[in-house]
Amino acid sequence: MATSSSASSPARLIGIQSLRGFAVLLVIMVHLHHTELKYSHGPQLLGDWNSIGIAGVDIFLVVSGFVLTYLAFGHFGQRHYAAAYAYARVSRVYPVYMLLTALLLPLYLSVPALFNAAEGHEVNLLRSLLLIPDVRLPLIPVAWTLHHELYFYLVLGAMLMLPERQLPKAIGAWLFVTVALIAYGLQTPRPLQGAFERVLFNPINLEFILGMVVAWAVVHGPQRGATACIAIALAGLAAGYAAWFRLTGEYWVGDFWRVWVFGLPAALFIYGIVMREQQQGQVLLPGLAWIGDAAYSIYLTHLMVLVVLGRLWGEFGAAGWPAHLLFLAGSVAAALGVGWCSFSYAEQPMLKWCRRIDPTRLRPAAKPQVS
């Protein structure tokens, strides 16, 4: 636990950045386990229990719902803010994503076996580049979550046109629509659903709503009970995951249940850490904030890093625990290192350039400083 500087702005809550860092580490560990299963030469360190790392995705979605709603308070009903928000979202998501996709394109064309093995190594390149939902995974497989992010951006963008007092009703309306879509989608097996249906019918969209509710509670709620929320979140996560495993015998939590097993505890935890930082200046795990700063680039690049290192290890690696531990540690370090380089030398410069040419910059009061 560390003390947050009083200069911390709402645009960069250190606790949220640290949580992002923790979330991306969870995702890395899930995919590292898959790499270990496929390419290791000896005893394995990571077990099926490592599947709990999928909670990292749920954390990201709840954080997105929280951060963007939190930053929008005081700007609802302002069209110039909505325009600035739209530009900020597009310039935040697309430039580095399209760059990384373009860099992978020659590799895909020359060695398609490295990509999308579960679907015959087939990728719709145009849909992948533009982040248009498809029944197949994008060239960067983890980018499937960005389809849900973009959907949330559109919904929140529409809500920005309303007066702030109408936000609870708007959130309630979206909750009703989302639940109805999920219920309707349960009637059609996922393999028979179309690309856009897979986005609209997925229960994980509820996690954006959880994040929005947390943002409302932080700004307009009683603003107390932070420590209790953190304790309840941790206890709820442990109890929920234990109950899921006892009932199903599965480590991997299904799409519907993960909202309750992971998403709801994440929402309570976010409320707790934000309130502790704002009221007491205390930040949980501040050492992870640098990973959180680069989380988007790390998230986009880590899987390919692990696949390449795994294939090399499968070909040239040595047997035995010492070598295996070195491979695991080196893989995590490489995933973080490549992601940090992408953040420092591609993502940040591109963001700065986008801000320089920002057509909304003439309205500084409306500029959403979104990280």
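Predicted model, so just to flag it, every value in this text is computed and none were measured.
You'll find the side chain of Thr69 stays beyond 4.5 Å of the side chain of Val213, heavy atoms only. For the pair Leu103/Thr101, no side-chain contact is recorded, criterion being any heavy-atom separation below 4.5 Å from C-beta on. Between Leu264 and Val259, every side-chain heavy-atom pair lies at or beyond the 4.5 Å cut-off. The shortest distance between side-chain heavy atoms of Val218 and Gln278 falls below 4.5 Å. Side-chain contact check for Val62 versus Phe269: every heavy-atom pair is 4.5 Å or farther apart.
Using the six-membered ring where Trp is involved, Phe73 and His220 have ring planes that are perpendicular, over 60° apart on the 30 and 60° scheme. Ring geometry, Tyr97 versus Tyr94: the interplanar angle exceeds 60°, so the pair is classed perpendicular (tilted spans 30 to 60°). Ring pair Trp340/Phe343 is tilted by interplanar angle, where 30° to 60° counts as tilted. Between His302 and Tyr299, the angle of the ring planes lies from 30° to 60°, which puts this pair in the tilted group. The aromatic rings of Trp174 and Phe152 sit parallel, their planes meeting at an angle under 30°, below the 60° perpendicular limit.
In this structure, CZ on Arg190 lies 6.5 Å from CG on Asp255, to the nearest 0.5 angstrom. Residue Ile209 holds its CD1 atom at 7.5 Å from CG of Asn205, rounded to the nearest 0.5 Å. Taken to the nearest 0.5 Å, the OG1 atom of Thr227 stands 8.0 Å off from the CD atom of Gln282. Of the inter-residue distances, the one linking Tyr251 atom OH with Ser51 atom OG reads 9.0 Å to the nearest 0.5 angstrom. Taking CG of Leu288 as the reference point, atom CD1 of Ile14 lies at 12.5 Å (rounded to 0.5 Å). Separation of atoms CG (Leu181) and CD (Glu197) is listed at 10.0 Å; rounding is to 0.5 Å.
If you look at Tyr184 and Phe201, their ring centroids are closer than 6.0 Å. The aromatic ring centres of Tyr271 and Phe66 sit 6.0 Å or more apart. Trp313 and Tyr39 have their aromatic ring centers separated by at least 6.0 angstrom. Aromatic rings from Tyr241 and Trp244 are positioned such that their centres are separated by 6.0 Å or more.
Between the side chain of Arg20 and the backbone N or O of Ala295, no donor-acceptor pair lies under 3.5 Å. Looking at Tyr85, its side chain does come within 3.5 Å of a backbone N or O of Tyr153 through a donor-acceptor pair.
When every heavy atom of Arg276 is checked against every heavy atom of Ile230, the shortest pair comes out as CD-CD1, 3.3 Å. Residues Leu210 and Ala267 approach most closely at CB-CB, 4.1 Å, considering heavy atoms. Annotation for Gly330 and Leu309: closest pair O-CD1, 4.5 Å, computed over non-hydrogen atoms. When all heavy atoms are compared, the tightest approach of Cys354 to Pro95 is SG-CG, 4.0 Å.
A salt bridge links Glu347 with Arg92: the closest approach of a Lys/Arg side-chain nitrogen to an acidic carboxylate oxygen falls below 4.0 angstrom.
At most 12 non-hydrogen atoms from other residues, nucleotides or ligands lie less than 6.0 angstrom from CH2 of Trp257. In Phe22, the CZ atom is not crowded: 12 or fewer heavy atoms of neighbouring residues, nucleotides or ligands sit closer than 6.0 Å.
Note on Ile132: it clusters hydrophobically with Val123, by side-chain heavy-atom contacts below 4.5 Å among ILVMFWY residues.
Judged by distance alone, the side chains of His31 and Glu36 never bring a donor and an acceptor atom under 3.5 Å apart.
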key: Working for side chain to side chain contact (heavy atoms under 4.5 Å, CB included), residues Phe76 and Leu167   = CA-CA 9 Å; Phe76 282 91; Leu167 182 60; 3.7 Å; yes

